[in-house]
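Each chain gets a letter, A, B and so on, in the order its sequence line appears, and its residues count up from 1.
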Amino acid sequence: MPELPEVETTRRGIAPLVEGQEVTEVIVRQPRLRTPVPGELAEWLVGQRFGTLARRAKYLLLPIADGHLLWHLGMSGSLRLVPIGTPPRTHDHVDVVLGNGHVLRYHDPRRFGFVDFVRGDPHADTRLARLGPEPLSDAFSGEHLFARSRKRRVAIKPFLMDNANVVGVGNIYASEALFMAGVDPRRPAGEVTREECERLANAASSVLAAAIAQGGTTLRDFVGGDGKPGYFAQSLNVYGRGGEPCRECGHEIMSLVLGQRASCFCPYCQR
DNA sequence: AGACAGACCTGTGAGC
DNA sequence: TGCTCACAGGTCTGTC
């Protein structure tokens, strides 16, 4: 499942072979994604050249002459480059054929992702305009979290996962950051202290940076050719470990539902 | 405006 | 073994 680190890894991986390339053909095999693939996609793209690829939150931005492709990988999407002529597999929904002999191929079993075209400034688009700061930027800090969370009664975990507060912190990273910071995920956001917000911001940034450094290892759905789970899974302290002993103190990891999401935490280490 | 429920989709794994 | 079914996940929409 692409979390922010995987989206960033995708961007870095495909950029060298996509930037500056002309689109020669667009093939849509399955238009029914989270939002339908626009019928005019080929019309918009063919003959255009891609500019410098960017990322905002979990969105990839692919610039063309008068706008941007806005691509979201959803929960199971991947964007890869394959040589022209590579036969599509099941769930290979969209191909963007490039002049250099490569195909930018979108694969998404659960079809939670989407691709759309935004004319003009993409950051003015409703999907991007309300987003909070990037977790690895200077705009994100403990002070920012502290200021945003005052008087908020929602639990700190769903607060952290709210894109308006900080982007790219999904269920897994929110759980891990809260463990690292020693904060109980059920606490009302407004009651988390300034010092705890500082620890939380540092924890969220460092766990995301570590995951990017590992190449955005998938954490759950990923299974290698040898059937082994993702590498980063070994680093998880609480996520998916309900009922198991805490690695720090040995107490049992609790699991419950917060904001409609499974949440795991150590009731002894996290107060 | 904040809080929360529901919808979207399908592979996986548990239970029968 | 084969079937059913709940669950996971991010984000948008709708309701209170």
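Between the side chain of A:Q21 and the backbone N or O of A:N100, at least one donor-acceptor pair lies under 3.5 Å. In terms of modelled atom types and a separation under 3.5 Å, the side chain of A:D125 and the main chain of A:P122 share no donor-acceptor contact. Side chain of A:D95 to main chain of A:V97: no donor-acceptor pair is present (N/O by atom type, distance under 3.5 Å, no hydrogens or angles). When atom types are taken as modelled, the side chain of A:R241 and the backbone of A:N237 share a donor-acceptor pair closer than 3.5 angstrom.
Protein atom CG of A:L33 is 11 Å distant from nucleotide atom C1' of B:dC9, rounded to whole Å. Remark: P of C:dA8 and CG of A:L258 are 13 Å apart, rounded to the nearest angstrom. Taking atom CZ of residue A:F112 and atom P of nucleotide B:dC9, one finds them 8 Å apart after rounding to whole Å. Look at CG on A:D162: it is 13 Å from P on C:dG10, rounded to the nearest Å. Straight-line distance from the CG atom of A:N163 to the C1' atom of C:dC12: 11 Å, rounded to whole Å. Note: NZ (A:K157) to P (B:dA3) measures 16 Å, nearest angstrom. The separation between A:I156 atom CD1 and B:dA3 atom P is 12 Å, rounded to whole Å. At whole-Å resolution of the value, CG in A:D92 and P in B:dT10 are 14 Å apart.
No N or O donor and acceptor, one from the side chain of A:R110 and one from the base of C:dG10, sit under 3.5 Å apart.
Candidate nucleotides B:dT10, C:dG10, B:dG6 were compared by shortest atom distance to the side chain of A:E3, and C:dG10 ranks first.
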Run the side-chain donor-acceptor check on residues 251-264 of chain A: report pairs under 3.5 Å with partners two or more places apart or on a different chain.
{"residue": "A:S263", "atom": "OG", "partner": "A:K157", "partner atom": "NZ", "Å": "2.8"}
{"residue": "A:S263", "atom": "OG", "partner": "A:R261", "partner atom": "O", "Å": "3.1"}

What pairs of donor and acceptor atoms, side-chain ones from residues 30-39 of chain A against any protein atom, are under 3.5 angstrom apart with sequence neighbours left out?
{"residue": "A:Q30", "atom": "OE1", "partner": "A:R32", "partner atom": "N", "Å": "2.9"}
{"residue": "A:R34", "atom": "NE", "partner": "A:F112", "partner atom": "O", "Å": "2.9"}

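Within the 4.0 angstrom heavy-atom criterion, no nucleotide atom of any strand lies near A:F114. Using a 4.0 Å heavy-atom cutoff across all strands shown, A:D108 reaches no nucleic acid atom at all.
The hydrophobic cluster containing A:V18 also contains A:W44, counting ILVMFWY residues as joined when their side-chain heavy atoms lie under 4.5 angstrom apart, directly or transitively.
A distance of 10.5 Å separates CG in A:L61 from CZ in A:R11, rounded to the nearest 0.5 Å.
When each of A:R261 and A:P158 is assigned the nucleotide of DNA chain B bearing its nearest heavy atom, the one mapping closer to the 5' terminus is A:P158.
OP1 and OP2 of C:dA8 both lie 4.0 Å or more from every side-chain N or O belonging to A:N171. Regarding contacts with the backbone of C:dT11, every side-chain N or O of A:R34 stays at 4.0 angstrom or more from both OP1 and OP2. Contact annotation: A:Y59 reaches the phosphate of C:dC12 (side-chain N/O to OP1 or OP2, under 4.0 Å). For A:H72, a side-chain nitrogen or oxygen approaches OP1 or OP2 of C:dT11 to under 4.0 Å.
Taking 4.0 Å as the cut-off between side-chain N and carboxylate O, A:D184 and A:R187 do not count as a salt-bridged pair. Between A:R194 and A:E143 there is a salt bridge, with a side-chain nitrogen of the basic residue lying less than 4.0 Å from a carboxylate oxygen of the acidic one.
Near DNA chain B, meaning a heavy atom under 4.0 Å from it, residues 147-154 of chain A has A:R152, A:R153, A:V154 in order of number. Near-neighbour residues of DNA chain B inside residues 119-135 of chain A, defined by a heavy atom below 4.0 Å, are absent.
Screening residues 174-202 of chain A for ring pair (Phe, Tyr, Trp, His ring centres under 6.0 Å), with sequence neighbours left out, gives no hits.
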*How does DNA chain B look in dot-bracket form if you count Watson-Crick and G-U pairs under 3.5 Å, write [ ] for pairs that cross, and put | where a base pairs with another strand?*
.|||||||||||||||
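Under a cutoff of 6.0 Å and an axis angle of 45°, A:R150 and A:F146 form a cation-pi pair.
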